[in-house]
2 protein chains.
Amino acid sequence: MGRMGRTPPHPDVSQFDLQQVLEALVDPVRRSIVTQLDAAGEDLACGTFDIAVSKSTATHHFKVLREAGLIRQYYVGTSRLNALRRAEMDEAFPGLLDALTRPRVPVAP
Amino acid sequence: MGRMGRTPPHPDVSQFDLQQVLEALVDPVRRSIVTQLDAAGEDLACGTFDIAVSKSTATHHFKVLREAGLIRQYYVGTSRLNALRRAEMDEAFPGLLDALTRPRVPVAP
DNA sequence: ATCGAAGTTTGACGACGATCGTACTTCTGT
DNA sequence: ACAGAAGTACGATCGTCGTCAAACTTCGAT
């Protein structure tokens with residue numbers, strides 16, 4: 001029972017919660033995942049990310065991101081692909097992802 | 001020694017750190033402080049904020065906000081006034097405060 | 001049918017942070 | 001000079017969260 005392949009629940013845009021999104025994005029590892037996903041411009045498998053944590057910890061982070069609505073997850077074979085829900089996040093919180101994924105602009109000296 | 005009136009250290013814009021700013025803003029109480037400050041459009045004393053925590057806890061929150069660069073604090077008599085460092089934050093992280101202080105836009109049904 | 005690759009699940013653990021009460025400091029009025 | 005108002009400093013507590021290891025599941029390839 002409980003096939004691993006079943007698609008996990010994803011929140012609807014109308015249910016996105018700023019508090020939850022911020023709690024997801026405050027963690028450096030998770031923010032790095034979002035940034036890498038944004039830079040890649042394509043869906044990525046969990047294992048392909050450059051993060052320095054164990055597999056179980058990675059699973060945890062992806063779950064937090066998914067439940068906050070930041071990513072969508074789906075299986076392809078044994079791999080779990082992750083898609084950034086850019087448009088939906090922008091609809092719910094305009095400018096937020098832009099502000100967080102934009103590389104730091106050096107301040108004039 | 002250590003007069004209370006001495007101005008506490010404030011970070012320079014060039015030292016603003018995204019991680020630190022996010023850690024400051026992820027707390028609902030602190031985000032509420034920033035929002036109230038933004039809405040007021042003027043500097044406010046610590047005691048005038050609508051927050052449901054003790055005085056010592058409030059002091060802690062203001063300190064976290066100040067060290068992250070979100071507010072500037074200065075004394076006037078026995079009151080400590082708080083100013084939102086809007087322009088500087090916008091320079092360091094364009095769009096961030098906008099995204100966080102903007103009231104949630106209802107999603108089309 | 002079996003093996004390995006890719007994730008998940010389930011505790012356990014440790015650290016950090018929000019909170020409070022109490023005591024203390026500094027200034028303003030009276 | 002004194003009392004009160006406005007914060008600050010200091011511990012102490014308590015919950016939550018990030019982390020891992022170990023055992024398990026599922027799928028694909030051989």
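Between the side chain of R85(B) and the backbone N or O of R72(B) there is no donor-acceptor pair closer than 3.5 Å. When atom types are taken as modelled, the side chain of D12(B) and the backbone of Q15(B) share no donor-acceptor pair closer than 3.5 angstrom.
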Begin from the C-alpha positions of R86(A) and D98(A) and carry the test salt bridge (Lys or Arg N to Asp or Glu O under 4.0 Å) through to its verdict.
CA-CA 10 Å; R86(A) 234 316 175 174; D98(A) 270 345; 3.3 Å; yes
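When the C1' atom of dT16(D) is taken as reference, atom NE2 of H60(A) falls 10 Å away, rounded to whole Å. Rounded to a whole Å, the CG atom of L65(B) is 14 Å from the C1' atom of dG17(C). Separating the CG atom of L81(A) from the C1' atom of dG7(C) is a distance of 12 Å, rounded to the nearest angstrom. In this entry the distance linking CZ of F62(A) with C1' of dT19(D) reads 16 Å, nearest Å. Distance CD1 (I51(B)) to P (dC20(C)): 10 Å, rounded to an integer number of Å.
At a threshold of 4.0 angstrom between heavy atoms, the contacts of H61(B) are confined to the sugar-phosphate backbone, with no base atom among them.
Taking only side-chain nitrogens and oxygens, T57(B) comes nearer than 4.0 Å to OP1 or OP2 of dC20(C). In this model, the phosphate group of dA6(C) is not approached by any side-chain N or O of T78(A) to a distance below 4.0 Å at OP1 or OP2.
Residues A58(B) and V53(B) come closest through the heavy atom pair N-CG2, 4.0 Å. The nearest pair of heavy atoms linking Q73(B) to C46(B) is NE2-SG, 4.2 Å.
For T59(B), the side-chain atoms get nearest to dG7(D) when compared with the rest of dG7(D), dT9(C), dT19(C).
When side chains are defined from C-beta on, H61(A) counts as touching T57(A), because their heavy atoms get closer than 4.5 Å.
Shown for residues 18-49 of chain A: residues whose heavy atoms fall under 4.0 angstrom of DNA chain C, namely A45(A), C46(A), G47(A).
Nearer the 5' end of DNA chain D, as judged by each residue's closest nucleotide, is the contact made by K63(B), out of K55(A) and K63(B).
Checked by distance alone, S79(A) brings no side-chain donor or acceptor within 3.5 Å of a matching partner on the base of dA5(C).
Salt bridge status for R31(A) with D38(A): absent, with no side-chain N to carboxylate O gap under 4.0 Å.
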